Amino acid sequence: MITFLPDHKQEIFCFRAYENGAEVGCCTYKNEGYRMVFVSMDCSDDIAAEGLARAAMNSAANQNAYLAVIPKSLFRPAFARLGFTDEEGSFVEIPEALASGCSCSHK
């Protein structure tokens, strides 16, 4: 089972993914008003990356963010499943992305 835990540091927020006690990924983001912007995604497993993105968006939504933005350099299939495109500055509405259903059983 993969566990997602927050690790917030000042203006940058972080979620780490752990499997059997070992860290398997990390995602960072920052809040800019009603937007959250993904800063980094360091995770080789695409399903864990989707979980990290969902955890980060849920956390940002709890801090009043409504839109999630991703730079083109971070784009990967996990983000496509959440509604992002590979265009620069692609964004999604967080409630819609989180309601899209988990694809963790799909590879």
Side-chain angles (χ1 to χ4, degrees):
M1 172 191 271
I2 299 176
T3 305
F4 304 100
L5 299 174
D7 181 16
H8 299 174
K9 296 178 179 167
Q10 296 183 346
E11 300 297 316
I12 300 292
F13 298 90
C14 174
F15 270 86
R16 297 183 187 280
Y18 296 92
E19 186 169 25
N20 299 323
E23 185 174 330
V24 295
C26 178
C27 170
T28 61
Y29 70 94
K30 62 183 176 178
N31 287 326
E32 295 177 349
Y34 66 92
R35 301 177 340 145
M36 63 91 69
V37 179
F38 284 96
V39 175
S40 69
M41 175 64 78
D42 181 18
C43 186
S44 60
D45 182 310
D46 204 52
I47 299 304
E50 182 179 344
L52 283 166
R54 286 178 176 279
M57 287 192 292
N58 186 59
S59 176
N62 287 334
Q63 299 167 50
N64 298 320
Y66 183 74
L67 295 176
V69 181
I70 185 167
K72 185 175 184 173
S73 61
L74 296 183
F75 184 80
R76 60 193 312 161
F79 287 107
R81 290 190 300 273
L82 294 169
F84 291 95
T85 66
D86 64 351
E87 297 175 12
E88 185 61 42
S90 177
F91 69 92
V92 297
E93 293 179 1
I94 294 172
E96 287 183 16
L98 293 178
S100 66
C102 182
S103 61
C104 54
S105 63
H106 304 81
K107 287 209 175 194

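Predicted, not measured: the structure shown is a model, and the values here were computed from it.
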Verdict with supporting geometry, Thr28 and Phe13, side-chain contact (heavy atoms from CB on, under 4.5 Å):
CA-CA 5 Å; Thr28 61; Phe13 298 90; over 6 Å; no

Kindly compute the distance separating [atom1] ([X]) from [atom2] ([Y]), expressed to the nearest 0.5 Å.
X: Phe15; Y: Leu5; atom1: CZ; atom2: CG; value: 8.5 Å
X: Ser73; Y: Asp86; atom1: OG; atom2: CG; value: 12.0 Å
X: Met41; Y: Asp46; atom1: CE; atom2: CG; value: 9.0 Å
X: Ile94; Y: Asn58; atom1: CD1; atom2: CG; value: 9.0 Å
X: Asp45; Y: Glu50; atom1: CG; atom2: CD; value: 10.5 Å
X: Asp7; Y: Cys26; atom1: CG; atom2: SG; value: 7.5 Å

Please name the pair of heavy atoms, one in [X] and one in [Y], separated by the smallest distance, quoted to 0.1 Å.
X: Phe79; Y: Ala53; answer: CE2-CB, 3.7 Å
X: Leu52; Y: Ala17; answer: CD2-N, 3.7 Å
X: Ala80; Y: Phe75; answer: CB-CZ, 3.6 Å
X: Ala97; Y: Arg54; answer: O-NH1, 3.7 Å

Using the side-chain contact (heavy atoms from CB on, under 4.5 Å) rule, take Tyr18 and Arg16 through it: C-alpha gap first, then chi angles, then the decisive distance, then the call.
CA-CA 7 Å; Tyr18 296 92; Arg16 297 183 187 280; 3.3 Å; yes

Does Ser90 reach the side chain of Lys72, with side-chain heavy atoms less than 4.5 Å apart?
no

Can you check whether Asn64 reaches Met36 side chain to side chain, under 4.5 Å on heavy atoms?
no

Looking only at side-chain N and O atoms, does Ser59 offer a donor or acceptor that is under 3.5 Å from a partner on Tyr29?
yes

I'd like to know whether CD of Glu87 has more than 12 heavy-atom contacts from other residues, nucleotides or ligands below 6.0 angstrom.
no

Side chain of Asn31, backbone of Gly33: donor and acceptor closer than 3.5 Å?
no

Verify side-chain contact (heavy atoms from CB on, under 4.5 Å) between Leu82 and Met57, making sure each step is shown before the conclusion.
CA-CA 11 Å; Leu82 294 169; Met57 287 192 292; 3.7 Å; yes

Please assess Lys30 against Phe38 for the test side-chain contact (heavy atoms from CB on, under 4.5 Å), listing each intermediate value before the final yes or no.
CA-CA 7 Å; Lys30 62 183 176 178; Phe38 284 96; over 6 Å; no

Does Val69 sit in a hydrophobic cluster with other residues, and if so which ones, taking ILVMFWY side chains as linked at heavy-atom separations under 4.5 Å, directly or through other members?
Tyr34, Val37, Tyr66, Leu67, Phe91

